[in-house]
Amino acid sequence: MADRYDPHATEARWQARWEADRLYHAADDDPRPRWYALTMFPSSGDLHTGHWYAMVPSDVAARYRRMRGHNVLFPMGFDAFGLPAENAAIKRGVDPREWTYANIERMRGQLRLMGASFDWDREVVTSDPEYYKWTQWWFLQLYRKGLAYRAEAAANWCPGCHTVLANEQVVDGRCERSDDIVERRFLTQWFFKITAYAEELLRFEGIEWPERIRAMQTNWIGRSEGAFLEFAVDVPGVDDRLKVFTTRPDTVYGATFMVVAPEHPLVARITTDAQRPAVDAYIAQTSRQTEIERLSTDKEKTGVFTGAYAINPFNGARVPIWIADYVLVTYGTGAIMAVPAHDQRDFDFARAYGLEIIPVFDHDDVDVTQPLTAAFSHGRRMVNSGPFDGTPASEAFARVVAFAEEQGVGSATVNYRLRDWLISRQRYWGAPIPMIHCDACGIVPVPESELPVLLPDTVTFDASGKSPLTRIPEWIDVACPQCAGPARRESDTMDTFMCSSWYQMRYADPHNPERPVSREAAAKWLPVDQYTGGAEHAVMHLLYTRFFWKAARDMGVVEGDEPMLRLFNQGVILGPDGNRMSKSRGNVVAPDDQVSQWGSDAFRCQLMFVGPWDQGGPYNPTGMAGIVRWLNRLWSLGTEEPRYVDDLHSEGTRALRRATHKTIRDVTEAMEAFSFNTLISRLMEHATAMQRVRDAGPVDGQAWDEALRAAILLTAPLAPHIAEELWDRIGGGYSVHTAEWPAFDPELARDDEVEVALQVNGKVRDRLVLPAECGEADARTAALASPKVIALLDGKEPRRVIYVPGRLLNIVL
RNA sequence: GCCGAAGUGGCGGAAUGGCAGACGCGGCGGUCUCAAACACCGCUGGGCUCAAACCCGUGUGGGUUCGAAUCCCACCUUCGGCACCA
């Protein structure tokens with residue numbers, strides 16, 4: 001009797017061996033075709049089931065590629081800068097560096113338990129000076145290219161995190177990580193000009209990304225075609241023209257008033273003395289509102305008249321200029337021409353304040369000579385529009401814009417919702433922005449030769465939440481690199497998304513002291529062939545990294561237009577109760593516990609077996625029994641031999657070989673499709689079939705060996721430890737993970753006989769066993785011989801017969 | 001409100017125009033055992049049944065088709081994203 005399978009001893013033993021042998025190291029000089037598989041790296045903390053759920057199938061896919069003969073790069077590292085470390089420092093007085101590196105050390109151990117095929121020789125830690133030196137270098141290159149700039153803007157301030165955030169990190173008016181309500185503050189900050197690539201970021205040619213992510217990015221970038229139009233301001237001493245963005249220049253004759261955002265710079269200069277108290281009061285009131293209150297769509301529209309008028313450049317109409325908080329200073333020009341007849345928001349506002357409503361299109365179903373009850377956006381022909389009257393709606397836009405361009409009062413344009421990426425953070429634990437403020441020279445970049453700008457070692461945190469960097473004179477005060485006069489370092493650090501925007505490049509050449517990545521390494525490994533990670537990063541990391549890559553391409557550092565050719569988003573693994581895992585709910589499944597109970601292989605497989613990977617769903621701990629049964633069965637098949645007989649050409653042998661080759665075919669197909677749950681079900685079926693064959697009597701040795709080798713090889717990516725152990729025991733050699741993926745023989749996988757459904761009028765009434773290659777005439781003869789069919793036909797002739805070989809035969813009466 | 005995804009047994013799910021419910025969990029019955037565990041075998045959508053046969057059945061209602069979980073139309077529900085973006 002063979003021993004029972006002991007996952008713990010076996011797993012630890014092979015993990016140690018693989019690591020000692022650097023089995024998964026991707027060598028630069030390996031001549032085989034490369035395959036770069038990447039799964040999003042974790043930030044430092046604790047490794048949870050979500051990480052396993054993301055990483056295990058990524059590992060399976062990487063292992064599969066390796067067995068298909070690729071030189072696979074599958075690296076791992078740590079996104080180690082960021083707030084958690086600093087919050088721990090503030091709350092518990094620990095040093096953020098020590099906290100971070102202790103976490104990383106623990107996570108390395110947890111990741112090892114997974115048995116994943118990471119190439120640890122290429123590990124990167126974004127908080128290492130060797131790494132963030134290059135993060136700073138990238139900043140300088142972007143600055144040089146005009147893609148990094150400093151500007152004052154309305155920024156999102158998170159009071160809980162004591163820092164500003166990028167727009168992408170604000171969700172429903174709240175901070176994406178702390179959930180605090182963000183405040184609007186006018187601050188001077190560093191930005192990356194991601195908008196310079198807006199148009200290109202909308203194109204997804206040459207990459208296979210999920211429709212969902214493409215839609216989210218497209219939506220976020222928010223391209224809209226329209227025009228700028230300029231209205232003169234009828235205020236003595238003000239020559240500025242009021243510039244508006246509109247998608248409907250063809251409604252310009254219906255502009256009965258203007259609305260500018262309360263923060264618009266022109267407001268102070270055009271407001272009349274009589275209106276000033278009301279305007280000031282309104283501005284004060286809106287500035288007190290949170291973003292959430294202000295953006296609530298169902299609240300009544302409010303606004304105040306400035307007392308000033310603008311002149312419509314098309315018809316000379318004198319229209320009042322209002323301020324209202326439904327116009328956002330951050331979009332377009334922060335000012336609109338209001339056309340209440342054709343825009344519901346303007347209509348609501350006009351109604352509330354008794355402003356004029358003039359339709360400038362007629363409509364088949366609306367009598368435009370009567371007061372409107374609602375705005376309508378698209379009409380038939382222009383009316384009330386002077387020389388444009390009668391212009392069909394389809395031509396209106398182009399004609400009005402052409403006229404505006406002729407007259408010098410406007411031009412066609414494309415506007416984006418996307419705004420530049422604010423990367424300054426008023427925090428300590430990040431890569432310092434390598435800039436120096438000199439009283440004489442202004443803003444001066446730190447010379448590349450002086451990189452990295454190191455974070456000071458000993459820092460103290462206090463309850464103010466202010467970054468300690470602002471309080472360390474010996475760090476802040478420096479000599480200006482240009483004039484050597486007194487100057488101060490920039491004390492803000494970079495958004496951690498900056499660190500992760502280029503990490504995939506660094507894995508290609510992780511220890512290069514001269515460059516972020518050498519040309520040779522970039523050419524060898526980049527871009528990423530298969531990227532996997534969560535969809536929650538759709539408009540953050542996944543958008544930033546595309547921008548970053550394009551900028552790097554334009555600097556000549558990398559080639560090609562996209563950083564990741566294929567992207568797969570796994571779903572979210574939930575607690576057994578169907579809710580998000582959380583300590584407060586008490587539904588957390590801790591991976592370390594699962595591993596100590598069942599072993600890594602079983603936990604890996606159970607995570608993949610719960611359902612389609614992209615859908616996520618509840619983790620089912622009781623279902624583990626099925627996985628364990630299957631792995632034990634596989635163990636028994638590999639360690640308890642059948643009685644052998646030389647019987648290569650018998651029907652039983654043929655059946656076993658058929659099962660083996662069908663399994664190879666189906667598992668390979670499922671592997672390509674990332675359909676890991678169905679893949680495991682096929683392997684279970686094969687194991688059950690093998691067991692029945694073994695227990696039924698003597699088995700042909702060759703066919704058995706073929707079946708067993710296939711079972712182990714096909715299981716290897718999923719359950720790497722048990723597969724290695726069995727492979728070793730059957731003398732397969734070391735290692736199963738560098739062995740060749742089995743090929744199937746279509747001839748052996750082919751069925752000789754097939755069962756087809758016999759339908760009458762589309763309902764299954766009987767079954768026929770036919771030769772696999774059975775033609776229609778023979779199938780029909782067999783069908784008409786069925787007693788069931790004879791009874792139902794009742795002597796009549798079938799009107800029609802549909803035969804789908806191998807599937808069914810349908811008789812229509 | 002707009003956009004996207006989804007809705008199938010007691011549960012996770014399979015099948016993307018051709019036999020609905022693969023595989024697994026759970027449940028029921030059995031073999032083994034003094035007994036239990038493990039393991040193995042059988043059954044397991046509902047109705048009507050001793051059983052067979054038959055009928056019903058993939059969110060709801062319609063449609064296309066010889067044939068629909070799958071395609072089309074309308075609606076309901078759930079989840080995700082966006083949301084005064086001019």
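A note on names: the letters A, B, ... follow the listed sequences, proteins ahead of strands, and every chain is numbered from 1. The structure presented is a predicted model; accordingly, all values stated were derived computationally and were not measured.
Remark: B/U33 base-pairs with no nucleotide in the shown strands. Criterion, Watson-Crick or G-U wobble with two distances under 3.5 Å. Pair assignment for B/G9: none, as no Watson-Crick or G-U wobble contacts are both less than 3.5 Å. Nucleotide B/A69: unpaired (no Watson-Crick or G-U wobble partner with both distances less than 3.5 Å). Base pairing of B/C28: its partner is B/G42, meeting the Watson-Crick or G-U wobble criterion (both donor-acceptor distances under 3.5 Å). Pairing for B/U60 goes to B/A74, judged as Watson-Crick or G-U wobble with the two contacts each under 3.5 Å. Using the Watson-Crick or G-U wobble rule with both distances under 3.5 Å, B/G80 pairs with B/C3. Base pairing annotation: B/A20 forms no Watson-Crick or G-U wobble pair, as no partner gives both donor-acceptor distances under 3.5 Å. Here B/A14 sits opposite no nucleotide as a Watson-Crick or G-U wobble pair (both hydrogen-bonding atom distances under 3.5 Å).
Among the protein residues, A/Glu755 comes within range of the nucleic acid bases, having at least one heavy atom under 4.0 Å from a base atom. As judged by a 4.0 angstrom heavy-atom cut-off over every strand, A/Val804 is placed among the base-contacting residues. Here A/Arg223 lies out of heavy-atom contact (under 4.0 Å) with every strand. Counting any heavy atom pair closer than 4.0 Å across all strands shown, A/Gln691 reaches sugar-phosphate atoms only and no base atom. A/Ser224 comes within 4.0 angstrom of the backbone, heavy atoms only, and of no base. Using a 4.0 Å heavy-atom distance criterion, A/Pro618 is classed as making no nucleic acid contact.
Toward the 5′ end of RNA chain B lies the nearest nucleotide of A/Asn620, the other residue of the pair A/Met337 and A/Asn620 mapping further downstream. Position along RNA chain B of the nearest nucleotide to A/Gly623 versus A/Ser675 favours A/Ser675 as the more 5'-ward residue.
Across the C1' atoms, B/G57 and B/A20 are found 9 Å apart, a figure rounded to whole Å. For the P atoms, the distance from B/U58 to B/G21 is 14 Å, rounded to whole Å. Here the separation of B/C41 from B/G46, taken at their P atoms, is 23 Å to the nearest Å. For the P atom pair drawn from B/A22 and B/G30, the interatomic distance equals 24 Å after rounding to whole Å. The same atom, P, is picked in B/A68 and in B/G61; the two are 15 Å apart, to the nearest Å. With both ends at atom P, the span from B/G7 to B/G59 equals 8 Å, rounded to whole Å. Comparing B/C38 with B/A53, their C1' atoms are spaced 42 Å from each other, to the whole Å. For the C1' atoms, the distance from B/A6 to B/U70 is 14 Å, rounded to whole Å.
For the residue pair A/Glu168/A/Tyr544, the side-chain donor-acceptor check at 3.5 Å is satisfied. Residues A/Asn415 and A/Ser224 have side chains that never bring a donor and an acceptor to within less than 3.5 angstrom of each other.
For A/Thr622, taking side-chain heavy atoms from C-beta onward, the closest of the listed nucleotides B/C23, B/C25, B/A86 is B/C25. Of the listed nucleotides (B/A86, B/A15, B/G81), B/A86 has the atom at the smallest distance from the side chain of A/Thr246. Of the candidate nucleotides B/A86, B/G13, B/C66, B/C66 has the atom nearest to the side chain of A/Ile802. Closest approach to the A/Arg692 side chain among B/C41, B/A86, B/G24 is made by B/C41 (side chain taken as heavy atoms from C-beta onward). Across B/C25, B/G18, B/C84, the shortest atom-to-atom separation from the side chain of A/Gln759 is found for B/G18. Of the candidates B/A86, B/A22, B/C82, B/C82 carries the atom nearest the A/Asn219 side chain, counting heavy atoms from C-beta on. Across B/G24, B/A20, B/A14, the shortest atom-to-atom separation from the side chain of A/Val764 is found for B/A20. Of all nucleotides listed (B/C84, B/C40, B/C25), B/C84 comes nearest to the side chain of A/Tyr326.
A/Glu753 contributes no side-chain N or O that, together with a main-chain N or O of A/Ala772, makes up a donor-acceptor pair within less than 3.5 Å.
Distance check: A/Leu808 CG to A/Glu755 CD gives 12.0 Å after rounding to the nearest 0.5 Å. Expressed to the nearest 0.5 Å, how far CE of A/Met690 lies from OG1 of A/Thr663 amounts to 10.0 Å.
When each of A/Phe231, A/Phe349, A/Tyr353 is checked for a ring-ring contact (aromatic ring centres under 6.0 Å, His included) with A/Phe257, only A/Phe349 meets the rule. The one candidate from A/Leu542, A/Leu202, A/Leu418, A/Leu201 that meets the side chain to side chain contact (heavy atoms under 4.5 Å, CB included) condition with A/Gln217 is A/Leu542.
By the rule that a glycosidic angle within 90° of 0 means syn, B/G9 counts as syn.
Between A/Arg184 and A/Thr330, the closest side-chain pair of non-hydrogen atoms falls below 4.5 Å. Contact check for A/Gln169 versus A/Arg177: no side-chain heavy atoms found under the 4.5 Å cut-off.
Considering only side-chain N and O atoms, A/Arg417 lies under 4.0 angstrom from the phosphate OP1 or OP2 of B/A83. Taking 4.0 angstrom as the limit, A/Arg629 places a side-chain polar atom (N or O) nearer than this to OP1 or OP2 of B/A39. Between A/Arg800 and B/C66 there is a side-chain polar atom (N or O) within less than 4.0 angstrom of OP1 or OP2. Dashed line: the shortest gap from a side-chain N or O of A/Arg765 to OP1 or OP2 of B/C54 is under 4.0 Å. Taking side-chain N and O atoms only, A/Ser681 has no distance below 4.0 Å to OP1 or OP2 of B/G13. Contact check, A/Asn677 against B/A14: a side-chain N or O comes under 4.0 Å of OP1 or OP2. For A/Lys763 and B/C56, the shortest distance from a side-chain N or O to OP1 or OP2 is below 4.0 Å.
A/Asn415 has its CG atom 8 Å from the P atom of B/A86, to the nearest Å. We find that CG of A/Asp666 is positioned 11 Å from C1' of B/A22, with the value rounded to whole Å. The nearest whole Å value for the distance from the CG atom in A/Asn810 to the C1' atom in B/A68 is 13 Å. Atom CD1 in A/Ile336 sits about 11 Å away from atom P in B/A86, given to the nearest Å. Between the CG atom of A/Leu792 and the P atom of B/A53 there is a distance of 13 Å, rounded to whole Å. Per the geometry, CG belonging to A/Leu637 stands 13 Å off C1' belonging to B/A39, to the nearest Å. Whole-Å rounding puts the A/Gln217 CD to B/G4 P distance at 17 Å. Rounded to an integer number of Å, the gap from A/Leu631 CG to B/G24 P is 13 Å.
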- Task: I would like to know whether A/Tyr282 and A/Thr302 meet side chain to side chain donor-acceptor pair (under 3.5 Å); could you show each step before the answer?
- Result: CA-CA 9 Å; A/Tyr282 186 76; A/Thr302 58; 2.9 Å; yes
